[in-house]
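Below: the structure, in structure tokens.
None of these values were measured; they are calculated from a predicted model. Any value given below was found using the heavy atoms of this structure, including those in side chains, with hydrogens, waters and symmetry copies removed. In what follows, chains carry the letters A, B, and so on, assigned in the order in which the sequence lines appear, proteins first and then strands, with residues in each chain numbered from 1.
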Number of protein chains: 2
Amino acid sequence: MARTTGSDGEKTEATIRGAAVNLIARFGYEAMSMRQLAAEVGVQAAALYRYFPTKEELLFTLMREHMEGLATAWEAARPADADSAQLLSAYVRNHIAFHIERRHATHVSNMELRSLSPERLTQILRMRTAYEKELRTILRDGAETGTFSIDDTGLTAMALIQMMTGVIVWFRPGERLSIAEVTATYLSMTMRLVGARIGTYSAARPFGRAKDAVAF
Amino acid sequence: MARTTGSDGEKTEATIRGAAVNLIARFGYEAMSMRQLAAEVGVQAAALYRYFPTKEELLFTLMREHMEGLATAWEAARPADADSAQLLSAYVRNHIAFHIERRHATHVSNMELRSLSPERLTQILRMRTAYEKELRTILRDGAETGTFSIDDTGLTAMALIQMMTGVIVWFRPGERLSIAEVTATYLSMTMRLVGARIGTYSAARPFGRAKDAVAF
DNA sequence: GAATTAATCGAACGTTCGTTTTATTATCAC
DNA sequence: GTGATAATAAAACGAACGTTCGATTAATTC
């Protein structure tokens with residue numbers, strides 16, 4: 001009974017976070033119990049409350065930090081003094097890379113909005129909207145300069161984001177396609193979709209072999 | 001106490017299904033309780049078990065029928081003796097129409113896989129795979145005839161499906177864009193994405209007004 | 001080394017869950 | 001009208017939940 005020898009608060013908290021992301025991604029937030037999470041971490045459920053006051057606070061923290069991480073990554077990746085095509089290219093690359101690396105956290109971030117209380121939900125949605133707005137701005141500017149040919153920027157932005165984020169649904173590291181190949185292909189598809197004129201972006205062929213329809 | 005005057009089994013079952021789809025879409029399957037569902041329907045929780053033996057069976061039924069409905073709709077919509085571009089066009093139109101009309105059921109079908117038992121999950125995944133294979137076949141054939149220019153059919157198929165299905169995330173009937181406009185735009189984007197040669201599909205401009213970046 | 005703080009444990013709280021059981025009433029079939 | 005079936009209600013079962021509380025031990029600070 002009582003404090004376990006060798007316990008370290010920072011390590012335990014990090015373990016809790018990691019285990020929570022995995023368990024929520026796999027079972028769902030509502031289906032994951034605190035006892036299950038605690039067992040995964042190697043503590044009793046009561047110990048979790050030393051780090052997170054409520055189950056929802058744990059979820060909110062994971063989701064908020066995911067969005068903050070995305071915003072930060074995009075801020076670092078966004079090229080200065082770049083034209084629309086370059087900006088879009090950077091956006092796509094960053095988006096794919098970020099989400100592939102955090103498949104489970106992305107899963108949680110996209111699928112557990114319903115379990116947040118209204119105020120917290122508002123916060124997360126605001127962050128998502130801000131990120132989406134970045135893409136809309138790129139598309140609008142590109143359309144205005146004639147770099148892109150877009151029917152509706154709002155719709156196009158959402159369609160692209162859904163398409164790109166959807167990579168986490170099917171991509172599995174170590175399988176047929178590499179991250180580089182996937183990224184290049186998504187970029188190529190994106191540029192075509194927005195009607196970018198040939199030559200406004202570098203879209204080297206991502207595959208050395210002939211097209212085939214190997215099943216996923 | 002006991003049977004309510006005017007009760008009708010068929011009507012009650014239909015009401016249960018409808019209410020379940022709405023509640024699950026809104027709160028999530030795990031968060032929705034049978035008492036909550038029963039209250040929404042206007043019966044006691046025990047009554048639900050006359051129609052569905054378990055909560056999971058209810059979910060499975062909703063998801064299975066959603067997929068069956070989609071397969072049936074595609075079967076009816078698929079044109080006979082059509083080329084790849086026409087097939088893809090029909091696929092996109094059917095996909096968008098079907099999902100927009102069943103936003104909540106789609107939500108449930110996509111987000112609650114985790115709550116199914118392994119055997120049931122396998123069944124649903126098989127149905128999804130079959131539907132996806134239809135698109136892959138269209139893309140592959142189109143690529144072989146040179147109608148489309150595709151880097152990787154498997155990836156492209158998944159990207160398209162994620163993009164199109166994602167319409168339910170943002171589309172709201174009665175708002176800025178009509179279903180026809182949305183459908184036309186998704187079709188236009190799809191054709192570009194797959195590198196369909198101009199002239200191989202009818203992509204009339206879906207908007208009469210200038211492109212703008214009105215926020216969603 | 002003593003006091004304080006940190007990190008855990010075990011037990012328990014109050015509530016809710018999916019589900020079953022029994023009883024009751026309504027509707028249908030003959 | 002009688003018997004069978006359908007459709008519901010009310011009560012309860014056994015289990016599990018998120019969380020709190022008090023106690024205990026480990027680590028840190030002075």
Side-chain angles (χ1 to χ4, degrees), chain A residues 1-21 23-24 26-63 108 112 114-120, chain B residues 1-21 23-24 26-63 108 112 114-120:
Chain A
M1 176 177 188
R3 179 167 183 167
T4 306
T5 303
S7 58
D8 175 321
E10 286 191 15
K11 282 184 184 165
T12 302
E13 182 171 344
T15 306
I16 291 172
R17 288 160 178 269
V21 164
L23 288 176
I24 296 176
R26 181 169 168 195
F27 298 102
Y29 167 77
E30 298 286 344
M32 176 198 80
S33 73
M34 298 300 263
R35 287 173 176 80
Q36 184 184 15
L37 174 59
E40 190 74 20
V41 173
V43 298
Q44 297 297 312
L48 301 177
Y49 293 86
R50 201 181 155 277
Y51 303 91
F52 300 97
T54 63
K55 188 182 180 186
E56 187 193 330
E57 189 70 31
L58 167 61
L59 176 66
F60 176 65
T61 299
L62 296 177
M63 294 171 77
V108 173
E112 306 294 353
R114 296 173 296 183
S115 295
L116 293 178
S117 62
E119 314 79 48
R120 290 203 172 92
Chain B
M1 174 179 187
R3 181 170 180 165
T4 306
T5 303
S7 57
D8 175 320
E10 287 190 15
K11 283 183 183 166
T12 301
E13 182 171 345
T15 305
I16 291 172
R17 288 161 178 268
V21 165
L23 289 177
I24 296 176
R26 183 170 167 195
F27 298 103
Y29 167 77
E30 297 287 345
M32 177 198 80
S33 72
M34 298 301 263
R35 288 172 176 80
Q36 183 184 16
L37 174 59
E40 189 73 21
V41 174
V43 297
Q44 298 296 309
L48 300 178
Y49 293 86
R50 198 176 158 280
Y51 304 92
F52 301 96
T54 62
K55 188 182 180 184
E56 186 192 332
E57 190 70 31
L58 167 61
L59 176 66
F60 175 65
T61 299
L62 295 177
M63 293 171 76
V108 172
E112 305 294 352
R114 295 172 297 184
S115 295
L116 292 177
S117 63
E119 313 78 51
R120 291 201 173 91

Exercise for review: Would you indicate which nucleotide in C:dT19, D:dT20, D:dT8 comes nearest to any side-chain atom of B:Thr4?
Suggested key: D:dT8
Check your understanding: How many Å lie between CG on B:Leu59 and P on C:dG18, as a whole number?
Key -> 13 Å
Exercise for review: Would you tell me if any nitrogen or oxygen in the side chain of A:Arg3 comes within less than 4.0 Å of OP1 or OP2 on D:dT24?
Suggested key: no
**Study point:** d(CD, B:Glu57; P, C:dT19) in whole Å
**Key:** 11 Å
Point to revise | Gap between atoms NZ and P, on B:Lys11 and D:dT8 respectively (whole Å) | key: 12 Å
Point to revise | Phosphate OP1/OP2 of C:dA26: any B:Ser7 side-chain N/O under 4.0 Å | key: no
Check your understanding: Side chains of A:Glu119 and A:Ser117: is there a donor and an acceptor less than 3.5 Å apart?
Key -> yes
**Study point:** Main-chain N/O of A:Glu56 paired with A:Tyr29 side-chain donor or acceptor, under 3.5 Å
**Key:** yes
Check your understanding: Between B:Ala45 and B:Gly6, which is nearer to the 5' end of DNA chain C once each is assigned its nearest nucleotide?
Key -> B:Ala45
Revision key, fill the gap. Out of C:dG18, D:dA11, D:dT20, minimum distance to the side chain of B:Lys55 belongs to C:dG18
Check your understanding: Hey, does A:Tyr51 reach any base, or is it just sugar-phosphate, or nothing, if we go heavy atoms under 4.0 Å?
Key -> sugar-phosphate
Point to revise | Residue A:Arg50, side-chain atoms from C-beta onward, closest of C:dT8, C:dG18, D:dC21 | key: C:dT8
Check your understanding: Given C:dT16, is OP1 or OP2 found less than 4.0 Å from the side-chain N or O atoms of B:Ser33?
Key -> no
Practice item. Nearest whole angstrom, please: distance from the C1' of D:dT8 to the CD1 of B:Ile16. Key: 11 Å
Review point. Taking OP1 and OP2 of D:dT8, is either one under 4.0 Å from a side-chain nitrogen or oxygen of B:Thr12?
Key: yes
Exercise for review: Could you check how far CE of A:Met32 sits from C1' of D:dC17, rounded to whole Å?
Suggested key: 12 Å
Practice item. Using whole Å, report how far OH of A:Tyr29 lies from C1' of D:dC17. Key: 12 Å
Review point. If you check every side-chain atom of A:Thr5, which of C:dA11, D:dG18, D:dA27 has the closest atom?
Key: D:dA27
Review point. Which nucleotide in the set C:dT27, C:dT19, D:dT19 lies at the smallest distance from any side-chain heavy atom of A:Met34?
Key: D:dT19
Point to revise | Euclidean distance, atom CD of residue B:Gln36 to atom C1' of C:dT16 [Å, nearest integer] | key: 12 Å
Exercise for review: Answer yes when B:Glu112 and B:Arg120 have at least one side-chain N-carboxylate O distance shorter than 4.0 Å, and no when they do not.
Suggested key: no
Exercise for review: Please check the phosphate of C:dT8 (OP1 and OP2 only) for any side-chain N or O of A:Gln44 closer than 4.0 Å.
Suggested key: no
Review point. Tell me: CZ of B:Arg35 to P of C:dT15, nearest whole Å?
Key: 14 Å
Review point. Of the non-hydrogen atoms in B:Glu40 and B:Ala19, which two are nearest, and what is the gap between them?
Key: CG-CB, 3.8 Å
